[in-house]
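One-based numbering, in listed order, for ligands and for the atoms of each.
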Amino acid sequence: MAAGAHENWSSRAAFIFAAVGSAVGLGNIWKFPYEAGEGGGGAFVLLYLIFVFGIGVPVMIAELALGRRGQLSPPNAVAKVASESGRPHAWGLIGWAGIIGAFIVLSFYSVIAGITMSYMANTLTGALANVDAAASSEHFGELASSPWALIGWSAAFSLITVFVVARGIHGGLEKAVTLLMPILFVLLAGLVVYSLTIGDASAALEFLFRPKWEDLTGDTVVQALGQAFFSLSLGLGTMLVYGSYIPRDVSIPRSAIIIAAADTGVALLAGLAIFPIVFQYGMEPAQSFGLVFNVLPVAFAQMPGGIIVGTGFFLLLVVAAVTSSISLLEPMAAFLEEKTAFTRRSAAVTAGVGAFVLGIGSALSFNAWSDVKFLKGTVLDNLDFLTNNLIMPLGGLFIAVMMGWAVKREFSRDELHSITNGQFALWRFMVRYVCPVALTLIFLAFAGVINF
Ligand code: PHE
């Protein structure tokens with residue numbers, strides 16, 4: 001489609017599904033529950049809620065409003081809104097950082113999502129049916145040590161992402177999310193009910209929710225804010241590009257609150273799906289890869305109906321990953337479509353193949369290149385650090401500063417037409433003062449400049 005002829009979400013619900021799909025991803029299911037349990041239980045959860053609603057929601061409103069005002073792909077939308085406000089074009093760098101950051105996150109997200117697909121297949125076929133702790137970690141070790149397996153699964157996952165994005169907003173993204181999000185909610189609800197029924201619910205509730213103030217350190221505070229940001233998909237141009245497709249009559253502030261509430265709800269429910277069975281089978285909660293790929297398969301192997309439950313769980317992860325990865329490909333695809341002679345389809349294929357090729361570096365970080373270390377570690381460690389610790393918080397910071405200080409007040413007021421003057425004043429106060437200070441602090445802490 002030519003530049004300017006912009007597709008819009010066909011309804012408010014389609015937009016909310018897409019944005020919740022972006023927000024709900026691997027981060028909710030394998031990162032949040034462990035971080036919460038280990039980082040202070042109820043104390044962490046409370047802090048997380050404050051960060052999501054106090055800092056995440058105002059920044060999300062800013063990002064969505066910037067996108068809708070700009071009506072273009074991130075670099076051009078940001079530059080356009082800046083120049084309409086009499087500000088330098090250089091603000092467009094925020095959009096550039098976003099599309100490059102999203103492209104990089106997509107590259108390694110696909111590798112991890114590929115591993116998830118392989119676990120789904122192996123659970124379904126019964127290959128993991130009888131594993132004990134040793135066999136389970138051997139299985140992961142074998143997969144991780146094979147470059148071809150990782151690259152192959154990542155290719156399969158990338159194909160799905162490209163297929164959806166190539167079909168455009170209506171025919172692709174909207175159709176995918178309206179099919180997949182209900183599946184995700186049903187799977188998650190089913191898993192929570194089953195897990196609470198057969199598992200050790202009280203140990204799980206205690207791990208997740210009993211406030212352990214003594215575990216709340218400077219580090220966990222920074223981690224909570226970083227996780228809130230990653231989980232809400234902020235600072236990468238994703239919400240910016242999704243914002244550019246929102247019809248004018250949809251209330252951005254109300255949508256942002258719904259998205260944040262759904263995202264947080266899923267993160268909490270994921271904890272209730274995972275920990276009752278972890279504790280029931282006498283296992284220790286572990287972090288990220290360890291939790292999902294080592295600990296849980298052992299629990300699935302022991303429980304009644306484990307093949308079905310395990311396959312359902314990995315399917316849940318794959319679905320959550322697909323609805324996030326399409327939102328990671330969209331910014332770059334929209335940009336190429338707008339700025340080059342590419343059709344939507346070739347833009348999606350080009351960006352998707354590019355991210356897949358870059359992802360090979362992350363796949364090799366598990367095996368052939370595991371000794372190639374520089375700056376922060378392996379290629380994967382570096383890409384993760386660059387995006388999670390630098391681009392995302394800086395992107396969020398500059399979006400808040402831009403909407404708070406650089407963009408004309410009347411533009412924001414016009415985008416946020418559905419709220420009262422008082423609510424608008426509160427939002428502006430948050431993006432002018434509170435969010436920039438908080439985001440500068442996490443950026444400095446993440447970059448290793450300050451220590452709490
Ligand atoms: N929010 C997604 C998750 O929790 C990841 C993501 C980040 C997706 C940024 C898009 C943009 O897994």
Side-chain angles (χ1 to χ4, degrees), residues 16-36 48 51-52 56-57 59-60 63-64 67 74 94-95 97-116 157 161 164-165 173 176-177 180-181 184 188 223-243 256 259-271 288-289 291-292 316-334 351 355 383-396 399:
I16 302 261
F17 269 168
V20 171
S22 170
V24 170
L26 298 173
N28 299 56
I29 303 175
W30 83 21
K31 234 164 141 193
F32 175 83
Y34 177 81
E35 278 186 355
Y48 183 80
F51 287 158
V52 164
V57 167
V59 172
M60 187 185 289
E63 197 171 332
L64 292 170
I94 299 176
I99 60 171
I100 293 167
F103 180 80
I104 296 174
V105 172
L106 177 63
S107 76
F108 59 79
Y109 209 79
S110 302
V111 174
I112 299 165
I115 299 179
T116 312
F157 182 82
T161 310
V164 173
V165 174
L173 279 82
V177 295
L180 294 175
M181 293 313 285
L184 185 144
L188 183 62
Q223 214 177 23
L225 187 51
Q227 170 65 11
F229 235 65
F230 182 80
S231 193
L232 294 172
S233 302
L234 296 176
L236 280 189
T238 296
M239 288 299 168
L240 232 153
V241 79
Y242 275 19
I259 297 161
D263 184 58
T264 308
V266 170
L268 294 171
L269 287 175
S288 59
F289 285 118
L291 179 63
V292 182
L316 170 73
L317 276 172
V318 173
V319 167
V322 169
T323 57
S324 294
S325 69
I326 55 181
S327 79
L328 288 164
L329 181 56
E330 180 60 28
M332 183 66 89
L383 295 178
D384 182 37
F385 183 84
L386 174 68
T387 47
N388 223 326
N389 298 19
L390 303 179
I391 297 182
M392 292 186 81
L394 276 182
I399 287 170

Next item on the list: Name all residues meeting the ring-ring contact (aromatic ring centres under 6.0 Å, His included) criterion together with Phe32; count only those two or more places apart in sequence or in a different chain, and write none if there are none.
Entry: Tyr48
Next item on the list: Ignoring hydrogens and angles, tell me if any N or O in the side chain of Ser324 forms a donor-acceptor pair with the backbone of Ser22 under 3.5 Å.
Entry: yes
Notebook entry, point to check: Looking only at atom types and distance, does a side-chain atom of Thr264 sit under 3.5 Å from a main-chain N or O of Val52, one as donor and one as acceptor?
Noted result: no
Note to self: For a quick test of reading the model, state the closest non-hydrogen atom pair linking Leu184 to Leu316 and the distance between them.
What the structure shows: O-CD1, 3.5 Å
Item checked: Asn388 side chain to Phe385 backbone, donor-acceptor under 3.5 Å -> no
Next item on the list: Please check if the side chain of Thr238 supplies one atom and the backbone of Leu234 the other of a donor-acceptor pair under 3.5 Å.
Entry: no
Check: For ligand 1, what are the residues with a heavy-atom contact below 4.0 Å?
Finding: Ser22, Ala23, Gly25, Leu26, Gly27, Asn28, Tyr109, Phe230, Ser231, Ser233, Leu236, Thr238, Ser324, Ser327, Leu328, Met392
